[in-house]
Chemist: 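One structure coming up, written as structure tokens, with questions to follow.
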Amino acid sequence: HRDKKRDKEKIKEKEKAKEKEKDRDRDKEKDRDRDKDRERERDKERNREKDKERDKERSKDRERARDKDRDRDKDRDREKEKDKDREKDKEEVDQNKEKEDTEKEGEKDREKIKDKEGDKDKGGDKEKDRDKEKEKDGEKEKEREKERDDKKKKDKRSRTPPRSYSSSRRSRSSSR
């Protein structure tokens, strides 16, 4: 009878030992799971921080690009303003020259009128000379206008950049 009791006790002890072992295994598994979860959280946090850093870098890059574009636009505007100022200066110089030319012509005309008044007694030869001078003045005026037009054309040409070699080659080859 004692043997049976001892056997039962041994069996119970074995079952208890098995149960403890299972509990230990479960606890170890829980610990492992907890460690894995902590590691995942750490990884997520690291990734979030990396993403934030990347976003900061991207925004900095975008800001730098915007600044460069703004600077480029400002430079272009400054150049345009300089060109406009130069053009205005040229026009003013041309206008001043024209005024001076017209003033000189006016003086010549006044001198001619004075000469006419002084030389009335000489008669018809003077009128012929005056007609010739008027023709010469008209020709000179035409030449001046032609020169002004040529200057304007030259200025326009100099403002437009020449086409590059390759683009002119392309256009020639496409027209064939």
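These figures come from a predicted structure and were not determined experimentally.
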Chemist: With a 4.0 Å cut-off, would you call Glu139 and Lys136 a salt bridge?
Modeler: no
Chemist: Glu111 vs Lys114, test: side-chain contact (heavy atoms from CB on, under 4.5 Å). Steps then yes/no.
Modeler: CA-CA 5 Å; Glu111 286 176 14; Lys114 286 179 186 175; 5.6 Å; no
Chemist: Could you walk me through whether Glu49 and Lys52 pass salt bridge (charged side-chain N to carboxylate O under 4.0 Å, His left out), step by step?
Modeler: CA-CA 5 Å; Glu49 288 173 11; Lys52 282 180 186 176; over 6 Å; no
Chemist: Tabulate below the donor-acceptor pairs under 3.5 Å that side-chain atoms of residues 74-81 make, not counting sequence neighbours, or state none.
Modeler:
residue: Asp75; atom: OD1; partner: Arg78; partner atom: NH1; Å: 2.7
residue: Arg76; atom: NH1; partner: Asp73; partner atom: OD1; Å: 3.2

Chemist: Scan the side chains in residues 14-23 for donor-acceptor partners under 3.5 Å anywhere in the protein, sequence neighbours excluded, and list what turns up.
Modeler:
residue: Glu21; atom: OE1; partner: Arg24; partner atom: NH1; Å: 3.0
residue: Asp23; atom: OD1; partner: Arg26; partner atom: NH1; Å: 2.7

Chemist: Can you check whether Arg38 reaches Arg42 side chain to side chain, under 4.5 Å on heavy atoms?
Modeler: yes
Chemist: State, with a plain yes or no, whether a side-chain heavy atom of Glu141 is found less than 4.5 Å away from one of Glu105.
Modeler: yes
Chemist: Would you call Asp33 and Lys30 a salt bridge, using N to O less than 4.0 angstrom?
Modeler: no
Chemist: State the CZ-NZ distance between Arg6 and Lys4, to the nearest 0.5 angstrom.
Modeler: 13.5 Å
Chemist: Looking at Lys10 and Asp7, does any basic side-chain N land under 4.0 Å from a carboxylate oxygen?
Modeler: no
Chemist: What I'd like to find out is whether the side chain of Glu107 reaches to under 4.5 Å of the side chain of Lys104, using heavy atoms alone.
Modeler: no
Chemist: Do the side chains of Asp55 and Arg58 get close enough for a salt bridge, i.e. N-O under 4.0 angstrom?
Modeler: yes
Chemist: For the NZ atom of Lys60 and the NZ atom of Lys56, what is their distance to the nearest 0.5 Å?
Modeler: 7.5 Å
Chemist: Between Glu45 and Glu41, is a side-chain contact (heavy atoms from CB on, under 4.5 Å) present by the stated rule, with each step listed?
Modeler: CA-CA 6 Å; Glu45 191 62 34; Glu41 283 300 315; 5.9 Å; no
Chemist: Name all pairs fulfilling the salt bridge (Lys or Arg N to Asp or Glu O under 4.0 Å) condition that reach into residues 91-102, sequence neighbours left out, sorted by first residue then second.
Modeler: Glu98-Arg148, Asp101-Arg144
Chemist: Taking the side chain as every heavy atom from C-beta outward, state whether Arg70 and Asp67 have any pair of such atoms under 4.5 Å apart.
Modeler: yes
Chemist: Rounded to the nearest 0.5 Å, what's the gap from CZ on Arg48 to CG on Asp43? Could you check?
Modeler: 11.0 Å
Chemist: Does a salt bridge link Asp37 with Arg34, judged by any charged N lying under 4.0 Å from a carboxylate O?
Modeler: no
